[in-house]
Amino acid sequence: MNGRRLVAASATMLALTGCSAGSLIPGASPSPTPEVTYDSVTELRDAAVEDGYDCPDWRQTNVVKNAAQSGNCSSADVFSIYLSEEDAQQTIDGVKSLGTEVHVLTGGNWIINAPTAELSSLKEALGGTIVQYSGTVRLIHSACG
């Protein structure tokens, strides 16, 4: 199992057991679960495809504002990575004002905007947090409560 998969699997286990590594060891202090990051948008896409995501027509477009790289598998999704977690969060904050309903999976330095039905299985495989916006942000699923 490679390092990315191990971190993602650990994050999933930690979410099921109380959200922090410290909670698995009696008397240990809770610590936040590290988010998986990716060096390229193709690495993010490859991780999603490895876990069963259908990507019939990959195109790296690099058109997402503030993203280091971006691309899509179809007209129904957008994959993007950022130079930092803060840049990804700024993009999430900026989408709040769109006024249309959007569902994304976000974690570390990446965001996947895909059909809602796909996000749950992607979250299971990659970790992260599913966020829904429709004028205001409402958290649906988080790795930590």
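Bear in mind the structure is a predicted one, so any value in this text is a computation, not a measurement. If you read the sequence from its start, that first residue is 1, and numbering goes on from there.
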Do side-chain atoms of [X] reach the backbone of [Y] as a donor and acceptor pair under 3.5 angstrom?
X	Y	answer
S70	F79	no
N66	T91	no
D77	S74	yes

Supply the atom-to-atom distance [X] [atom1] to [Y] [atom2], rounded to the nearest 0.5 angstrom.
X	Y	atom1	atom2	value
L44	N109	CG	CG	8.5 Å
N113	L119	CG	CG	7.5 Å
D93	E86	CG	CD	11.5 Å
Q90	E85	CD	CD	12.5 Å
C55	E50	SG	CD	13.5 Å

Please examine the side chains of [Y] and [X], heavy atoms only from C-beta on, and report whether any two atoms are closer than 4.5 Å.
X	Y	result
D51	L126	yes
W110	S80	no
I112	L122	yes

Quiz prompt | From CA spacing to verdict: side chain to side chain contact (heavy atoms under 4.5 Å, CB included), V64, V78 | solution = CA-CA 9 Å; V64 174; V78 178; 3.7 Å; yes

Quiz item: Is the closest side-chain donor-acceptor distance between Y38 and S40 under 3.5 Å?
Solution: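 No donor-acceptor contact under 3.5 Å links the two side chains.
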
Quiz item: Are side-chain N/O atoms of N62 and Q60 paired as donor and acceptor at under 3.5 Å?
Solution: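 Yes, because at least one side-chain N or O of N62 sits under 3.5 Å from a partner of the opposite role on Q60.
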
Which atom of [X] lies closest to which atom of [Y], heavy atoms considered:
X	Y	answer
I130	L105	CG1-CD1, 3.8 Å
E118	S121	O-OG, 3.1 Å
D54	C73	O-CB, 4.2 Å

Self-check item: side chain to side chain contact (heavy atoms under 4.5 Å, CB included) evaluation trace for W58 with T42
Solution: CA-CA 9 Å; W58 174 251; T42 54; 3.7 Å; yes

Exercise. Determine, step by step, whether I92 and T106 satisfy the side chain to side chain contact (heavy atoms under 4.5 Å, CB included) criterion, reporting the C-alpha distance in whole Å, the side-chain angles of both residues, the deciding distance to 0.1 Å, and the verdict.
Key: CA-CA 9 Å; I92 295 289; T106 182; 4.2 Å; yes

Practice problem: Please report the C-alpha distance between T37 and Y82 in whole Å, then the side-chain angles of each, then the deciding distance to 0.1 Å, and finally whether the side chain to side chain contact (heavy atoms under 4.5 Å, CB included) criterion is met. | Solution: CA-CA 9 Å; T37 60; Y82 299 82; over 6 Å; no

